[in-house]
Enquirer: 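My structure is below; once you've seen it, I'll send some questions.
Here the structure is a predicted model, which means the values were calculated and not measured.
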Amino acid sequence: MGNPRSVLVVSNTPVGRRVCELLEMSGLGTIHLEEPSDAELREALTREIEGVAVLLHDDVKVLRYSLAAHHIRPSARLFAAMFDRTAREQLRGHVPDSVVLSPAAISVPSLVAAAVHPEAAAIRRRGTQDENRWVSVTPTDDNDVTVTDYFTPEGLKRYGRLGRLSGQLRAYDAGTKVLLTGIIGLISIIMLDTIVGLQHARFLRALYDATRTTATISAPALSDDEPWVLVWATIAALSVLTFTAMFAAGIVNYLLSGRHVALLGRRVAPRFGHVIIAGMGQVGLRLAEELRALGVAVIGIEVKPDARTLQLARAGGIPVIVGDAASRSTLKAARVEEAEALIAAGSAEWDNIAVAVSSLAIAPNTRLVIRAGTGDAIAETQSLFAIGAVVDVNGLTASFVTSAMTGLEPYLIVSSGEADLAVDSSGRVTRRLGATAFRGGAA
């Protein structure tokens, strides 16, 4: 199919407006509808429409509009932005020639590169999502790119593993501090009481009596002839009361908190050598998965305790601190001063700036990567001070959609100066689009 004469864009997001701008810059007509009714959709899908782009945050609505548009105009090229993998597979099954992709998949390669290999514009898997071979893509001065195999530095992976190992049985918030204090206190009382009991019994008997006493099941009979033993027993009993209360409060808090960060195992909070992802939405979750696959230690921060992606992160073994990433206490809990990089990946641009400002105040030497939507707020803030690398997710998505609507399905979109470059699987630039999608800056 040749280039479409007109494209229908169904979107109520800023990405839709960016797509319309790029399509018109490419000489194509556009019709922009936010959430049309069935009658409005049918009226818009005339013979002049040879491309349909559906860009909404709700996967169910995207699926519905995509199927309706394909039913009305089956010959029209279709691009659908969908986050859920199952929904994407269903749509591809019904519309085989469509391009169905998550916006996170488009922007994550640039975010990954900015965090761990800033010399490149993007790092992505060589083939499918299940393939663990990676390439880095770097723009050249003549608006071309070089594609090379990428291997995560062994030093970075080893440092991250040590950071996770160091995080085992380490408190990451007030609740876990209380829990660990209670556990350590109770164990200490048992050990000391066992030592005291060795004065009158063998080790196993002394340990048994000490454990029963700590568990408040019973207490051994003590003679009045040794006052110091009575004094110790009194102190131990009071200490047991305190530590038991702390342990009970800590375990209740730990269980009710959702246990998104573990005290032992894969989901511990790394102490150093990790990447912090502030904002565990669809983009943040996909980003964490890609970094983990590269062998990089990660920890997420999410402000919404009921976010759907928290359960997905937990199932994937990704630790997530629930809290405000713009808060210094939350950033300190994530040990931002020992992190390799902080990625502010929230959907709200000003929130990401707030995270960056707080991070700079605590750890000015930590690499910063900021997800942008329009670029205006970031540009204003960068005029005051350098805040790090900025990735315009909306711009990258708009460039990908525009390429798809003109007959291409890029392997990757990277930015080079004032243009975005559509790169195919062979590493050849197939299209240049006039949108700035990436700006670099020193943190």
Enquirer: What I want to check is whether the side chains of R431 and S26 have a donor and an acceptor closer together than 3.5 Å.
Expert: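 Note: R431 and S26 side chains meet the donor-acceptor criterion.
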
Enquirer: Do side-chain atoms of T406 reach the backbone of S403 as a donor and acceptor pair under 3.5 angstrom?
Expert: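 Here the side-chain-to-backbone pair exists.
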
Enquirer: Does R124 make a cation-pi contact with Y411 (under 6.0 Å, within 45 degrees of the axis)?
Expert: yes

Enquirer: Among L287, L291, I123, L285, which one satisfies side-chain contact (heavy atoms from CB on, under 4.5 Å) with V108?
Expert: L287

Enquirer: Are any side-chain N or O atoms of S358 and backbone N or O atoms of A354, one a donor and one an acceptor, separated by less than 3.5 Å?
Expert: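 Side chain of S358 to backbone of A354: a pair is present.
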
Enquirer: How about NE2 on H32, more than 12 heavy atoms from neighbouring residues, nucleotides or ligands closer than 6.0 Å, or not?
Expert: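 Counting neighbours around NE2 of H32, more than 12 heavy atoms of other residues, nucleotides or ligands fall under 6.0 Å, so yes.
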
Enquirer: Rounded to the nearest 0.5 Å, what separates atom OG in S98 from atom NE2 in H70?
Expert: 8.5 Å

Enquirer: Evaluate the side-chain proximity of I31 to S6: yes if any heavy-atom separation is below 4.5 Å, no if none is.
Expert: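 Not in contact.
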
Enquirer: Output, in order, the C-alpha distance, side-chain angles, deciding distance and verdict of side chain to side chain contact (heavy atoms under 4.5 Å, CB included) for I343 and I276.
Expert: CA-CA 6 Å; I343 306 175; I276 301 170; over 6 Å; no

Enquirer: Would you say that T397 contacts V393 through its side chain, given a criterion of any heavy-atom pair below 4.5 Å between the two side chains?
Expert: yes

Enquirer: Checking R367 side chain against A115 main chain: does a donor-acceptor pair fall under 3.5 Å?
Expert: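 At least one qualifying donor-acceptor pair exists.
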
Enquirer: Do any N or O atoms from the side chain of E89 and from the backbone of T86 form a donor-acceptor pair under 3.5 angstrom?
Expert: no

Enquirer: Please report the closest heavy-atom contact between V414 and A121, naming both atoms and the distance.
Expert: CB-CB, 4.1 Å

Enquirer: Could you tell me whether the side chain of R126 reaches within less than 4.5 Å of the side chain of W134, counting heavy atoms only?
Expert: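 Not touching, per the 4.5 Å side-chain cut-off.
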
Enquirer: Would V95 and S66 count as a side chain to side chain contact (heavy atoms under 4.5 Å, CB included) here? Give the steps.
Expert: CA-CA 9 Å; V95 190; S66 298; over 6 Å; no

Enquirer: Should V19 and F79 count as side-chain neighbours, where that means a heavy-atom distance under 4.5 Å?
Expert: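 A side-chain contact is absent here, since even the closest heavy-atom pair is not under 4.5 Å.
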
Enquirer: For L342 and A278, work out which heavy atoms get closest and say how close.
Expert: CD1-CB, 4.3 Å

Enquirer: What I want to find out is whether D97 reaches R92 closely enough, with some N-O distance under 4.0 Å, to be called a salt bridge.
Expert: no

Enquirer: How close do N352 and I370 get, heavy atom to heavy atom, and via which atoms?
Expert: CB-CG2, 3.8 Å

Enquirer: Distance-only, no hydrogens or angles: does the S11 side chain make a donor-acceptor pair with backbone N or O of T13 under 3.5 Å?
Expert: yes

Enquirer: Which pair of heavy atoms, one from P14 and one from N394, lies closest together, and at what distance?
Expert: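 Residues P14 and N394, closest heavy atoms: CB-ND2, 3.8 Å.
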
Enquirer: Starting from the C-alpha separation in whole Å, work towards a yes-or-no answer on side chain to side chain contact (heavy atoms under 4.5 Å, CB included) for V268 and L165.
Expert: CA-CA 8 Å; V268 298; L165 183 62; over 6 Å; no

Enquirer: Less than 4.5 Å apart, any side-chain heavy atom of R335 and any of H274?
Expert: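 A side-chain contact exists here, since the closest heavy-atom pair is under 4.5 Å.
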
Enquirer: Under the salt bridge (charged side-chain N to carboxylate O under 4.0 Å, His left out) rule, what do E35 and K61 come out as? Steps first, then yes or no, please.
Expert: CA-CA 9 Å; E35 291 191 36; K61 290 181 179 180; 3.0 Å; yes

Enquirer: Is there a donor in the side chain of T30 and an acceptor in the side chain of E24, or the other way round, less than 3.5 Å apart?
Expert: yes

Enquirer: Could you state the interatomic distance from CG (L91) to CG (L78), rounded to the nearest 0.5 Å?
Expert: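 So the gap between those two atoms works out to 6.0 Å.
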
Enquirer: State, with a plain yes or no, whether a side-chain heavy atom of Y159 is found less than 4.5 Å away from one of L156.
Expert: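 No. Closest side-chain heavy atoms not under 4.5 Å.
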
Enquirer: Taking G317's backbone N and O only, do any of them form a donor-acceptor pair with R267's side chain (distance below 3.5 Å, no angle check)?
Expert: no

Enquirer: In the structure I gave you, are the side-chain heavy atoms of M405 and R77 within less than 4.5 Å of one another anywhere?
Expert: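 Yes; the side chains approach each other to less than 4.5 Å.
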
Enquirer: Hey, what do you get for CG (D144) to OG1 (T140), rounding to the nearest 0.5 Å?
Expert: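 Atom-to-atom, D144:CG and T140:OG1 are 4.5 Å apart.
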
Enquirer: Specify the closest pair of heavy atoms between E290 and V112, including all atoms of both residues, with the distance to one decimal.
Expert: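 Result for this residue pair: CB-CG2, 4.2 Å.
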
Enquirer: Using 0.5 Å steps for rounding, measure from the CE atom of M280 to the CD1 atom of I301.
Expert: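 If we round to the nearest 0.5 Å, M280:CE and I301:CD1 are 10.5 Å apart.
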
Enquirer: Provide the closest heavy-atom pair for D324 versus V303 in the form atom of the first, atom of the second, distance.
Expert: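 Minimum heavy-atom separation between D324 and V303: CA-CG2, 4.1 Å.
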
Enquirer: Got a second to check how far D84's CG is from Q90's CD, nearest 0.5 Å?
Expert: 10.0 Å

Enquirer: Do other residues, nucleotides or ligands put more than 12 heavy atoms under 6.0 Å from R42 CZ?
Expert: no

Enquirer: Please check if the side chain of S188 supplies one atom and the backbone of I184 the other of a donor-acceptor pair under 3.5 Å.
Expert: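 Side chain of S188 to backbone of I184, a donor-acceptor pair under 3.5 Å: yes, one is there.
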
Enquirer: Pick out which of V401, D392, V9, L23 makes a side-chain contact (heavy atoms from CB on, under 4.5 Å) with R18.
Expert: D392

Enquirer: Spell out, as yes or no, whether a donor-acceptor pair under 3.5 Å connects the side chain of S415 to the backbone of D420.
Expert: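 It does not hold such a pair.
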
Enquirer: Check this for me, if you would: do E349 and R371 make a salt bridge, where the nitrogen-to-carboxylate-oxygen distance has to be below 4.0 angstrom?
Expert: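 No salt bridge links E349 with R371.
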
Enquirer: Taking D59 for the side chain and F83 for the main chain, is one N or O donor matched with an acceptor at less than 3.5 Å?
Expert: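 Yes: the side chain of D59 pairs with the backbone of F83.
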
Enquirer: Main chain of P36, side chain of Y65: is a donor-acceptor contact present, judged purely on distance under 3.5 Å?
Expert: yes

Enquirer: Does the pair S102 and R88 meet the rule for a side chain to side chain contact (heavy atoms under 4.5 Å, CB included), with working shown?
Expert: CA-CA 8 Å; S102 163; R88 292 200 301 269; 3.6 Å; yes

Enquirer: If you round to the nearest 0.5 Å, how far is CZ of R328 from CD1 of I362?
Expert: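 Here the interatomic distance stands at 5.5 Å.
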
Enquirer: Quick check: do S75 and R73 have side-chain heavy atoms less than 4.5 Å from each other?
Expert: yes

